[in-house]
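Quantities reported herein were computed from a predicted structural model and do not represent experimental measurements. Start at 1 and go down the list; that is how both ligands and their atoms are numbered. Values below: all heavy atoms of this structure, side chains included; hydrogens, waters and symmetry mates excluded.
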Amino acid sequence: MGTALVTGATAGLGLEFAWQLATARHDLVLVARDVDRLDQVATQIRAAAGVHVEVLAADLSVPDDVDRVAARLAVTGDEPDLELRPVGLLVNNAGFATAQRFVGGDVDAELRAIDVMVRAVVQLTHAAVGQMTARGRGAVLNVASVAALTTGGTYAAAKAYVRSFTEGLTVDLQGTGVTATVLCPGFVRTEFHDRAGLDMTSVPDIGWLDATYVVAQALADVRRGVVISTPSVRYKAGSALLRLLPRFAVRAIGHYR
Ligand SMILES: NC(=O)c1ccc[n+]([C@@H]2O[C@H](COP(=O)([O-])OP(=O)(O)OC[C@H]3O[C@@H](n4cnc5c(N)ncnc54)[C@H](OP(=O)(O)O)[C@@H]3O)[C@@H](O)[C@H]2O)c1
């Protein structure tokens with residue numbers, strides 16, 4: 001079934017992507033920073049699913065680390081000295097909330113967010129589509145957010161970039177046999193909010209999505225060549241509303257105070 005590379009594979013949506021892809025008989029390349037967690041996940045998936053799992057520890061805010069992941073993605077399978085299979089599905093999933101006001105906030109945290117959620121996504125996508133288009137097949141799944149339609153600081157701006165970038169990429173890829181999909185989930189129960197110290201107690205149960213459901217929907221959309229994947233009717237409706245609202249209203253709901 002081919003090899004899938006998943007960034008941010010130690011937790012949340014990325015961990016769920018790894019499990020669902022392994023269950024669908026994909027070999028895996030798992031990328032994240034926490035080596036112990038990566039090894040643990042790899043061991044569990046190998047034992048349960050019997051697929052081949054590579055571990056590639058990388059901090060995607062560090063240029064040398066991104067270069068190493070890009071080099072793995074550029075493998076075509078024809079290199080005589082390498083026993084690596086080419087990656088047929090890239091899931092650019094790693095990300096985190098900036099969760100601070102820009103004015104008076106830590107500018108390094110803002111720049112790290114752009115490095116991980118924009119710069120690395122662009123570089124890794126470029127490396128992947130190079131070998132995929134040469135082979136005439138493959139897919140890229142970029143994880144944005146419904147926040148891409150809001151004005152919630154650098155996080156929302158990064159996700160808006162990913163959404164627009166991926167839509168444009170699909171035009172570039174027409175006729176190549178390679179597809180691109182952007183996933184735009186609403187709130188999903190993962191480690192995301194705790195890691196950022198966000199208090200989510202005001203979000204009602206109906207606002208939350210389950211990672212298993214979101215990932216299943218996203219992978220089904222990738223298989224069907226869907227460009228924008230927005231799991232659940234309620235978030236599809238919410239996204240449509242965000243596009244219709246006057247901008248002053250969008251600005252009012254989407255900002256850290
Ligand atoms: N949860 C939500 O409500 C929600 C909604 C919309 C979109 N999203 C998006 O979904 C994606 C996954 O988020 P999640 O909810 O699954 O969050 P999560 O549970 O916190 O997992 C984040 C993953 O990203 C990895 N990561 C973070 N910084 C990294 C870095 N510098 N280099 C490499 N890996 C890094 C983490 O692993 P290590 O710590 O081991 O590096 C972890 O595996 C993100 O892009 C997020 O923006 C989430």
Side-chain angles (χ1 to χ4, degrees), residues 5-20 28-42 55-70 90-99 108-121 123-124 141-150 152-163 165-166 181-200 203 207-215 217-218 228-232 234-235 238-239 242 254:
L5 185 147
V6 181
T7 70
T10 49
L13 290 172
L15 181 61
E16 185 62 32
F17 274 117
W19 275 104
Q20 291 195 24
L28 295 172
V29 185
L30 306 180
V31 178
R33 291 167 301 179
D34 187 328
V35 188
D36 291 341
R37 259 181 119 171
L38 278 171
D39 285 338
Q40 198 180 23
V41 172
V55 161
L56 194 42
D59 181 338
L60 296 176
S61 68
V62 175
D64 284 352
D65 285 15
V66 183
D67 287 348
R68 283 191 295 109
V69 182
L90 164 62
V91 184
N92 274 313
N93 162 79
F96 55 89
T98 42
D108 288 337
E110 305 281 324
L111 294 172
R112 242 186 338 270
I114 293 169
D115 285 342
V116 174
M117 292 186 282
V118 176
R119 198 174 195 285
V121 169
Q123 188 176 345
L124 299 185
L141 173 60
N142 289 332
V143 181
S145 168
V146 74
L149 299 170
T150 73
T154 297
Y155 178 78
K159 295 305 188 183
Y161 181 96
V162 171
R163 184 181 162 117
F165 165 69
T166 311
T181 298
V182 59
L183 172 63
C184 297
F187 295 126
V188 191
R189 293 194 196 280
T190 66
E191 297 177 14
F192 180 88
H193 306 95
D194 280 350
R195 283 181 191 239
L198 290 167
D199 178 4
M200 303 302 288
V203 178
W208 289 98
L209 298 171
D210 179 57
T212 311
Y213 167 77
V214 170
V215 166
Q217 294 291 307
I228 299 174
S229 173
T230 306
S232 86
R234 54 192 188 273
Y235 276 106
S239 300
L242 280 168

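With Tyr235 contributing its side chain and Leu209 its backbone, the two residues share no donor-acceptor pair below 3.5 Å.
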For this session: Go through the steps to decide whether Val69 and Leu60 satisfy the test side chain to side chain contact (heavy atoms under 4.5 Å, CB included), and finish with yes or no.
Result: CA-CA 9 Å; Val69 182; Leu60 296 176; 4.2 Å; yes

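A salt bridge links Arg37 with Glu191; the closest basic N to acidic carboxylate O contact falls under 4.0 Å. Salt-bridge annotation for Asp65 and Arg68: present, with a side-chain N of the basic residue lying under 4.0 Å from a carboxylate O of the acidic one.
Looking only at atom types and distance, the side chain of Thr166 has a donor-acceptor partner in the side chain of Asn142 under 3.5 Å away.
For Phe192, the ring pair (Phe, Tyr, Trp, His ring centres under 6.0 Å) partners two or more places apart in sequence, or in a different chain, are Tyr155.
Around ligand 1 you find Gly8, Ala9, Thr10, Ala11, Gly12, Leu13, Ala32, Arg33, Asp34, Ala58, Asp59, Leu60, Asn93, Ala94, Gly95, Phe96, Val116, Val143, Ala144, Ser145, Tyr155, Lys159, Pro185, Gly186, Phe187, Val188, Thr190, Glu191, Phe192, His193, Arg195, each with a heavy-atom distance below 4.0 Å.
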